[in-house]
Amino acid sequence: MRIATWNVNSLTVRLPHLTQWLQSAQPDLLGLQEIKLTDDKFPHEPLQQLGYHCIAHGQKTYNGVAILSKLAEAPQDIQTRLPGMAEDPQSRLLAATYGEVRLINVYIPNGAEVGSDKFNYKLQWLSAFTAYIKEALRTYPKLVVIGDFNIAPDDRDVHDPKAWEGSVLVSPQERVYFSQLLELGLTDSFRLFEQPVESYSWWDYRAAAFVRNHGLRIDHILISPALTEKCQSCTIDIAPRKLERPSDHTPVIVDIHE
DNA sequence: ATGGCTGCTTTGAGCAGA
């Protein structure tokens, strides 16, 4: 089974890239973030034509998440609300069960700047999310947590750790939450395998960041113990970032032996 | 270097992203 995550930064703009990528990568499950459209505008038809059944939790202008599936099993126990953040108007979570696999797709807040209101919202969100994942690990042996975490877990995941030190996406306050997810039993599937140095999943649109490989690894696929032993590979596909008018993020993919 | 791009918005300057 192939599972992937991709922050598309507007599904409307990126639909041609998405359909092209689906045909080449052929994921069974794909979590999208920042679709930036409401559910009534979701492009079900072109994705259905490629064999994908989609569920979405959208929002106008900002945020929005979706899951695409070409598995036989219909999604069960669909969840869009993060317990503890029930009043949150921002669409950042979509979870569903496909057969034995529980998939949680997230767009974790950016945080703007350490110490800002948005940063505090991010920490509050991460706190509620950690409790939610703890419970999910108890409930679902085969758990996959994917998405744009907006956290670079380690200095290896940062092109210039000195320049980024202490700033949003790499601050200790944020990284401790990522560590907690690992302490709960999840594994960062990317680090199960030997990887090229300077592997990133996001590059700023500005200052030719991509061609200079000035990036961060902030998109992740975390898996529960029952899946760790079955995980065969985890890769970042930078090909879509090279296209005309790309998303600033690129897909991350895992292959899990059935 | 606090900009630098890009996407969105009752369309045009300002917000948000990371």
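Order of the sequence lines sets the chain letters (A, B, ...), proteins ahead of strands, with each chain counted from 1.
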For this session: Starting at CD of A/Gln49, measure out to CG of A/Leu22 and round the result to the nearest 0.5 Å.
Result: 12.5 Å
Exercise. Expressed as a whole number of Å, how far does the P atom of B/dG7 sit from that of B/dA18?
Worked result: 14 Å
For this session: Using the P atom as the reference point in each nucleotide, state the distance between B/dC5 and B/dT10 in Å, no decimals.
Result: 26 Å
For this session: Determine the interatomic distance between C1' on B/dT6 and the same-named atom on B/dG12; round to the nearest Å.
Result: 16 Å
Seminar exercise, completed: Minimal heavy-atom distance between A/Ser116 and A/Gly111, with the atoms involved, is OG-O, 3.3 Å
Problem set entry | Close side-chain approach of A/Arg217 and A/Arg191, heavy atoms under 4.5 Å | yes
For residues 250-258 of chain A, tabulate all N or O donor-acceptor pairs below 3.5 Å that involve a side-chain atom, not counting sequence neighbours.
{"unit_1": "A/Thr250", "atom_1": "OG1", "unit_2": "A/Asp237", "atom_2": "O", "d": "2.5"}
{"unit_1": "A/Asp255", "atom_1": "OD1", "unit_2": "A/Arg2", "atom_2": "NE", "d": "2.9"}
{"unit_1": "A/Asp255", "atom_1": "OD2", "unit_2": "A/Arg2", "atom_2": "NH2", "d": "3.0"}
{"unit_1": "A/Asp255", "atom_1": "OD2", "unit_2": "A/Ser233", "atom_2": "OG", "d": "3.3"}
{"unit_1": "A/Glu258", "atom_1": "OE2", "unit_2": "A/Met1", "atom_2": "N", "d": "2.7"}

For this session: In whole angstrom, give me the gap between the C1' atoms of B/dC15 and B/dA1.
Result: 22 Å
For this session: Kindly indicate, with the supporting measurements, whether the criterion side chain to side chain donor-acceptor pair (under 3.5 Å) is fulfilled by A/Tyr107 and A/Glu34.
Result: CA-CA 7 Å; A/Tyr107 176 44; A/Glu34 284 205 85; 3.2 Å; yes
For this session: Take atom C1' in B/dG17 and the same atom in B/dG4, then report the distance between them in whole Å.
Result: 14 Å
Exercise. Regarding A/Asp148 and A/Trp202, is there a side-chain donor-to-acceptor distance under 3.5 Å anywhere?
Worked result: no
Exercise. Expressed in whole Å, how much space separates the C1' atoms belonging to B/dG3 and B/dG14?
Worked result: 16 Å
Exercise. Using a cut-off of 4.0 Å between protein heavy atoms and nucleotide atoms, how would you tag nucleotides 5-18 of chain B 5' to 3' with B, S and -?
Worked result: BSSSS------SBB
